[in-house]
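Comments concern the structure below.
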Amino acid sequence: MPHRENPRTAGSRKEPSLERSLLASVVTDPGHLPEILAGFAVRRVGPAVPEAIASLRRRHPDATEAELRAQVVARGRRTVVSEGSIVGGPFLLLIPLAFCAALLRQARTVLELAALDGRDPTASARAGELLVLQGVYEDTRQAQDALTRTARAAGAPARWKRGAALWNVTLRMAHLLGILAPADEGQDAGRRVRRVTVQAWRWLLLGVVFLVGLVAPLVWLPYMAVVYRRADARLTDRVLAYYFTDTAPAPRRRTSRLEPEVMAAVLRALISLLVPLALTAVTFLTGLRIAESRWPVLGITLATASAGVGALWYWRRHRRLRPSSSS
């Protein structure tokens, strides 16, 4: 009689998500983050790409190749922004997972565009091309050599070093995503000064958003949406120019109006900012106290509101994205 697995224990042995698997791999060797990501994407994401492209062609049988490329880019950018922006309030600890999700989605977009060009998304050559397109190496030969040299399995860091490794890999992921500016090597003094000045203002803005986001997590949405859109646009421009030399990427129009999705994110951020302000006013007006002090009540109220608002947004976004992310 064949053995039947207990359904109560079957769910507990599910494989970890792609984001968690990638994070576990890169934490063991932060110095080779780009190479690990490229190889991981080709092995774990590449096999699903042919069916996704076939499904796209079935849904849009009359679309031209240029229109299919635009569909892939737009769908990938929406997912990058949505998955990668969950970094505020109670979700600060999820920043590494959010960055992994964004990096994997960017990699999938690259593999899907390569498949539209008739290239095999599971071939090892795609990993080298991904490294070149991300600006890690100048050509595919250097990238392939680096992939060959990368250790197949690096030992896990000691427990007391794991926090430092996680911080290191998070910063590296931010650079790879384009959230933080790359190094200034090869630039003249004037350009370096301008870049440092711009970067200082960005860090200041990031710090303000971080502090406000502790109590109003959705303030991260418009900020991260703009950052991700710009970084993803730069990457997809390079990908289109690399794989489709017969056509130039469509120029992005500069408009004075914000896009509807960004406007919606701003509105949600403002609403999430009003929630803690309203709760603060209610706390002081009602005179609630713990140990003869209002501050513990205020801290508990703001923490609960931040977790509630952030969890509600994350649940709705996660549920909405699941059908599209599996295609």
Side-chain angles (χ1 to χ4, degrees), residues 13-56 72-73 75-77 79-80 83-84 94 96-137 139-157 165-166 168-170 172-178 232 235-236 238-239 242-243 321-322 324-327:
R13 287 200 288 265
K14 291 191 299 184
E15 292 186 1
S17 65
L18 287 179
E19 296 85 358
R20 292 183 181 277
S21 298
L22 175 60
L23 184 60
S25 299
V26 297
V27 165
T28 64
D29 191 7
H32 292 98
L33 165 66
E35 295 84 357
I36 294 174
L37 167 67
F40 185 94
V42 170
R43 292 193 312 272
R44 301 290 298 276
V45 179
V49 168
E51 176 55 32
I53 296 300
S55 176
L56 180 66
V72 168
V73 170
R75 182 177 61 184
R77 188 164 300 162
T79 310
V80 165
E83 292 285 359
L94 297 182
L97 286 176
F99 284 176
C100 283
L103 283 169
L104 285 172
R105 184 58 225 190
Q106 281 189 344
R108 175 163 180 155
T109 299
V110 174
L111 294 176
E112 288 181 351
L113 290 173
L116 284 176
D117 189 41
R119 307 189 187 209
D120 181 5
T122 64
S124 60
R126 301 294 84 77
E129 293 168 358
L130 178 59
L131 290 173
V132 172
L133 292 167
Q134 288 176 326
V136 181
Y137 295 99
D139 54 58
T140 54
R141 182 175 180 179
Q142 291 181 1
Q144 290 295 342
D145 290 342
L147 288 167
T148 302
R149 293 193 306 268
T150 300
R152 296 292 181 180
L166 187 60
N168 186 12
V169 79
T170 301
R172 287 177 179 271
M173 285 191 289
H175 282 285
L176 197 58
L177 282 167
D232 191 71
L235 175 63
T236 52
R238 293 195 297 269
V239 176
Y242 185 89
Y243 287 130
L321 281 176
R322 271 304 155 200
S324 62
S325 63
S326 61
S327 61

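For this chain, numbers begin at 1 and follow the sequence in order. A quick note: this is a predicted structure, and the numbers were derived from the prediction, not measured. Basis for what follows: all heavy atoms, side chains included, without hydrogens, waters or symmetry-related copies.
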Mind checking the CD-CG spacing from Gln106 to Leu235? Nearest 0.5 Å is all I need.
5.0 Å
CA sep, side-chain torsions, deciding dist, call: Thr109, Val80, side-chain contact (heavy atoms from CB on, under 4.5 Å):
CA-CA 10 Å; Thr109 299; Val80 165; 5.5 Å; no
With distance as the sole test, does Thr148 use its side chain to make a donor-acceptor pair with the main-chain N or O of Gln144 at under 3.5 Å?
yes
Evaluate the side-chain proximity of Leu104 to Leu37: yes if any heavy-atom separation is below 4.5 Å, no if none is.
yes
Please report the C-alpha distance between Arg105 and Glu112 in whole Å, then the side-chain angles of each, then the deciding distance to 0.1 Å, and finally whether the salt bridge (Lys or Arg N to Asp or Glu O under 4.0 Å) criterion is met.
CA-CA 10 Å; Arg105 184 58 225 190; Glu112 288 181 351; 3.6 Å; yes
For the student: nearest non-hydrogen atoms of Val136 and Pro34, plus distance:
CG2-CB, 3.8 Å
Donor-acceptor contact below 3.5 Å, side chain Arg126 vs main chain Asp120
yes
If you look at every heavy atom in Ala115 and Ile53, which pair is closest and at what distance?
CB-CG1, 4.0 Å
Closest non-hydrogen contact found for Gly39 with Ala127 is N-CB, 4.2 Å
Smallest heavy-atom separation, Met173 atom then Cys100 atom, equals SD-SG, 3.7 Å
So, for Pro30 and Asn168, which heavy atoms are closest and what is the spacing to 0.1 Å?
CB-ND2, 3.8 Å
So how far is it from Ile36 CD1 to Leu147 CG, rounded to the nearest 0.5 Å?
10.5 Å
Evaluate the criterion side-chain contact (heavy atoms from CB on, under 4.5 Å) for residue pair Val110 and Tyr243; output intermediate values, then yes/no.
CA-CA 10 Å; Val110 174; Tyr243 287 130; 4.2 Å; yes
Could you walk me through whether Phe40 and Leu18 satisfy the side-chain contact (heavy atoms from CB on, under 4.5 Å) test, starting with their C-alpha distance in whole Å, then the side-chain angles of each, then the deciding distance to 0.1 Å, before giving a yes or no?
CA-CA 9 Å; Phe40 185 94; Leu18 287 179; 4.0 Å; yes
Looking at Asp139 and Arg141, is there a salt bridge between them, counting it only when a charged N and a carboxylate O are closer than 4.0 Å?
no
Could you go through the side-chain contact (heavy atoms from CB on, under 4.5 Å) check for Leu113 and Val73 one step at a time?
CA-CA 8 Å; Leu113 290 173; Val73 170; 4.2 Å; yes
In Å and rounded to the nearest 0.5 Å, what is the CG to CZ distance from Leu103 to Arg172?
13.0 Å
How long is the span from the CG atom in Leu116 to the CG atom in Leu111, to the nearest 0.5 Å?
11.5 Å
Distance from Glu19 atom CD to Leu97 atom CG, nearest 0.5 Å?
7.0 Å
Report the distance from atom CG of Leu130 to atom OG1 of Thr140, rounding to the nearest 0.5 Å.
12.5 Å
Distance-minimising heavy-atom pair for Pro50 and Pro47:
CD-O, 3.5 Å
